[in-house]
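Note sheet for the following structure.
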Amino acid sequence: MIDLNFIRQNPDKVKTTLLDLNITAPIDEILDLDQKRRELLKKVEELRRERNSGSKVIGQLMREGKKEEANAQKQRMTDIGEEIKGYDETLRQIEADLTDKQLYVPNMPTEGVPVGPDEHHNVEIRRWGDLPKFDFAPQPHWDLATNLDIIDFERGVKISGSRFYLFKGLGASLHRALVNWFLDTAINEHGYTEIYPPFMVREKAMVGAAHLPKFRDNMYYDTEDDYWFIGTAEVPLSNIFGDEIFDAEQLPIKYVAHTPCFRREKMSAGRDVRGIKRVHQFEKVEMYHYTLPEDSYDHLEMIVGNAENLCKKLGLPYRVIEICTGDLGFAAAKKYDVEVLVPGENGEGEWMEVSSCSNVEAFQARRANLKFRRERGAKPEYLHTLNGSGLPSGRILIAVLENYQQADGSIVIPEVLRPYMGGREIIK
RNA sequence: GGAGGGAUGGCAGAGUGGUUGAAUGCGGUGGUCUUGAAAACCACUGAGGUCGCAAGGUCUCCGGGGGUUCGAAUCCCUCUCCCUCCGCCA
């Protein structure tokens, strides 16, 4: 959610920005509702004030035993009460409508975000490493994994349908090794506190994280108990401190969580259907920061740096790109993606997104009501939150398989993972 | 799943229809006293909306929502959450 005051004071700027973002939102309706709301509020408050003071008089009169005067006063108050009731009803509708519409307004990109209509206008910031030199034709991960019998696609599909799979034997070990190494690195080297959150949340949490109401179609939902299944740990992490007020010195807070991620992938039917790149259930280690507003952009660099560090230690070539306005999405004010380079289906090399690091500024903080106080007695302010993948174990497993493959189809295990696999050096 | 009991300010805990946005205690902040500290004493100490340049005014909020009433923390309905007992259970 963005500040209603900001929309009110900069309507044209907001509208222009929406064009850059390639997102539509009912700004004029919002302005109209906002104005109606304030007009009504004024009337209703005036009437309430009258009633409050008028009702006190009744109490006074009763105590003094002046029954008739009290009754006359009661009648006047009844009339005012009726009037208030009418206005209240309208006001309630307007406020509900206004809030609902505000929930569809995206965040405003920060100064300096490249302007462009789509992902082709993202800007490469830096690049690290090179694709390994293969003196043979590299295979895609689904062939490697099937031949090594470490991923069973057919039986995953048998159990749960398309876009499901199962890890088997050393495939499952490798996956688990990645998760544990991501977590340990985050905790021991990057200074995070680990959280094990719920994977099913109520609607309020989804709205707080800005995944609802707009992205309803991409999420699994249990109709019987009203639970939403998280598509990322960002959802529970962003709601932990809802309706709480921090002292400034308690910030920043850096959390890391490993969770499954459930995604319907409705919008990408037919894309990336082979392998485990785009699936309904995967696991991810997610970084999440709560910061003072003035520190959030430093933290964005920290988060992306942490994601890069993981790629470097795994020996995976990558690039960092800054996302342009048209590709920025709903919640981010600024976003970096980290993409690793893998041989891909045809062996020529392709970029695969493995981390998305966003500063959402106060966008989630407003929705989830996350605040801090600069000093005792100061007015509470919204804090800033950031999120970044660190990293998705399934996609990194793809990268490890494809980049560390040998001519005989075996996989050399990256050194950092070997302690997590009983010292094993190769999968064959 | 069944039965019962709860939800009040940072915390604890009063308050069952009329100056109660809320006693009291603890905590916190400032001050007095003290060489300093402690103790004692005094004062202050919730959030949001709206109007206003401001000072300040005004409205709302006692788990959420709705209702009764001139007036609700107090009465009614409903939802959520917590606790206790029974049942089931990794």
Side-chain angles (χ1 to χ4, degrees), chain A residues 1-9 30-103 196-208 212 221-228 236 239-251 260 362 365-383:
Chain A
M1 198 131 77
I2 64 171
D3 191 355
L4 185 54
N5 272 312
F6 183 83
I7 302 178
R8 195 187 295 151
Q9 285 155 16
I30 286 172
L31 290 170
D32 185 46
L33 287 166
D34 173 54
Q35 195 181 336
K36 279 188 185 144
R37 171 176 170 270
R38 284 182 298 148
E39 281 168 10
L40 266 174
L41 207 55
K42 220 167 146 181
K43 283 186 199 164
V44 158
E45 284 188 4
E46 174 59 26
L47 288 170
R48 281 222 181 86
R49 191 175 64 81
E50 255 181 73
R51 186 176 68 179
N52 286 346
S53 52
S55 290
K56 277 176 191 168
V57 172
I58 293 174
Q60 193 89 32
L61 292 170
M62 299 285 265
R63 256 173 277 134
E64 290 166 8
K66 297 175 180 168
K67 269 233 164 88
E68 279 168 38
E69 283 179 56
N71 283 335
Q73 180 72 355
K74 267 193 198 179
Q75 187 52 52
R76 282 194 287 274
M77 292 304 110
T78 310
D79 295 343
I80 291 180
E82 287 305 314
E83 213 177 333
I84 290 175
K85 209 177 235 176
Y87 282 130
D88 256 350
E89 181 54 35
T90 323
L91 195 57
R92 201 149 43 206
Q93 282 168 11
I94 286 175
E95 285 184 340
D97 202 7
L98 179 61
T99 307
D100 182 66
K101 288 197 162 56
Q102 275 184 272
L103 290 177
Y196 174 89
F199 307 152
M200 295 138 78
V201 302
R202 39 174 54 138
E203 182 168 314
K204 186 173 193 253
M206 280 295 180
V207 173
L212 279 179
Y221 173 62
D222 167 47
T223 52
E224 191 160 342
D225 290 320
D226 273 352
Y227 285 127
W228 293 85
N239 280 276
I240 291 175
F241 299 109
D243 301 322
E244 295 185 32
I245 301 172
F246 287 100
D247 295 330
E249 56 270 23
Q250 292 176 279
L251 301 172
R366 275 200 195 84
R367 290 178 167 238
N369 198 19
L370 310 168
K371 296 187 164 177
F372 75 99
R373 242 188 286 260
R374 291 199 181 270
E375 54 201 51
R376 216 159 279 286
K379 192 177 157 63
E381 299 171 46
Y382 289 113
L383 45 76

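Here is how names work: the chains are called A, B, and so on, in the same order as the sequence lines, proteins then strands, and each is numbered from 1. Only this structure's heavy atoms are used, side chains among them; waters, hydrogens and symmetry mates stay out.
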On a whole-Å scale, what distance lies between the [atom1] atoms belonging to [N] and [M]?
{"N": "B:rA40", "M": "B:rU34", "atom1": "C1'", "result": "12 Å"}
{"N": "B:rU8", "M": "B:rG13", "atom1": "C1'", "result": "9 Å"}
{"N": "B:rG31", "M": "B:rA38", "atom1": "P", "result": "13 Å"}
{"N": "B:rG17", "M": "B:rC70", "atom1": "C1'", "result": "12 Å"}
{"N": "B:rA3", "M": "B:rG18", "atom1": "C1'", "result": "38 Å"}
{"N": "B:rC61", "M": "B:rU80", "atom1": "P", "result": "23 Å"}
{"N": "B:rU24", "M": "B:rG6", "atom1": "P", "result": "26 Å"}
{"N": "B:rC82", "M": "B:rC88", "atom1": "P", "result": "23 Å"}

Are any protein N/O atoms closer than 3.5 Å to N/O atoms in nucleotides 71-73 of chain B? If there are, list each pair with its distance.
unit_1 : atom_1 : unit_2  : atom_2 : d
B:rG71 : OP1    : A:Arg51 : NH1    : 3.1
B:rG71 : O4'    : A:Ser55 : OG     : 3.4

What's the [atom1]-[atom2] distance between [X] and [N], to the nearest Å?
{"X": "A:Phe372", "N": "B:rA47", "atom1": "CZ", "atom2": "P", "answer": "14 Å"}
{"X": "A:Lys204", "N": "B:rC81", "atom1": "NZ", "atom2": "P", "answer": "13 Å"}
{"X": "A:Lys74", "N": "B:rG18", "atom1": "NZ", "atom2": "P", "answer": "13 Å"}
{"X": "A:Glu203", "N": "B:rG64", "atom1": "CD", "atom2": "C1'", "answer": "14 Å"}
{"X": "A:Asp243", "N": "B:rG64", "atom1": "CG", "atom2": "P", "answer": "11 Å"}
{"X": "A:Glu69", "N": "B:rC70", "atom1": "CD", "atom2": "P", "answer": "19 Å"}
{"X": "A:Gln102", "N": "B:rG49", "atom1": "CD", "atom2": "P", "answer": "12 Å"}
{"X": "A:Asn52", "N": "B:rG17", "atom1": "CG", "atom2": "P", "answer": "20 Å"}

Pair partner, B:rC61 [Watson-Crick or wobble, under 3.5 Å]: B:rG46
Base-pairing assignment for B:rG87 (Watson-Crick or G-U wobble, both under 3.5 Å): none
Proximity to the side chain of [X] - top-ranked nucleotide from [options]:
{"X": "A:Ile245", "options": "B:rC59, B:rU50, B:rA47", "result": "B:rA47"}
{"X": "A:Arg202", "options": "B:rC59, B:rU50, B:rU80", "result": "B:rU80"}
{"X": "A:Arg373", "options": "B:rA47, B:rC59, B:rU80", "result": "B:rA47"}

A:Tyr221 atom OH, neighbour heavy-atom count above 12 within 6.0 Å: yes
Greater than 12 external heavy atoms within 6.0 Å of A:Glu68's CD: no
Interface residues of residues 30-50 of chain A with RNA chain B (non-hydrogen, below 4.0 angstrom):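 Residues of residues 30-50 of chain A that come under 4.0 Å of RNA chain B are, in numerical order, A:Arg37, A:Arg38, A:Leu41, A:Glu45, A:Arg48, A:Arg49.
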Residue met sooner reading RNA chain B from 5', once A:Ala378 and A:Lys56 are mapped to nucleotides: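 Result: A:Lys56.
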Nearest-nucleotide 5' precedence on RNA chain B, A:Lys371 against A:Thr78: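 Its nearest nucleotide being more 5', the pick is A:Lys371.
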Scan nucleotides 87-90 of chain B against the protein and return all N/O pairs shorter than 3.5 Å with their distances rounded to 0.1 Å.
none

Short side-chain donor-acceptor distance under 3.5 Å, A:Arg8 and A:Asn5: yes
Residues A:Glu69 and A:Gln73: side-chain donor-acceptor under 3.5 angstrom: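 On atom types as modelled, these side chains do not qualify, holding no pair under 3.5 Å.
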Sugar-phosphate, base or nothing in reach of A:Arg8, heavy atoms under 4.0 Å: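 Touches sugar-phosphate only.
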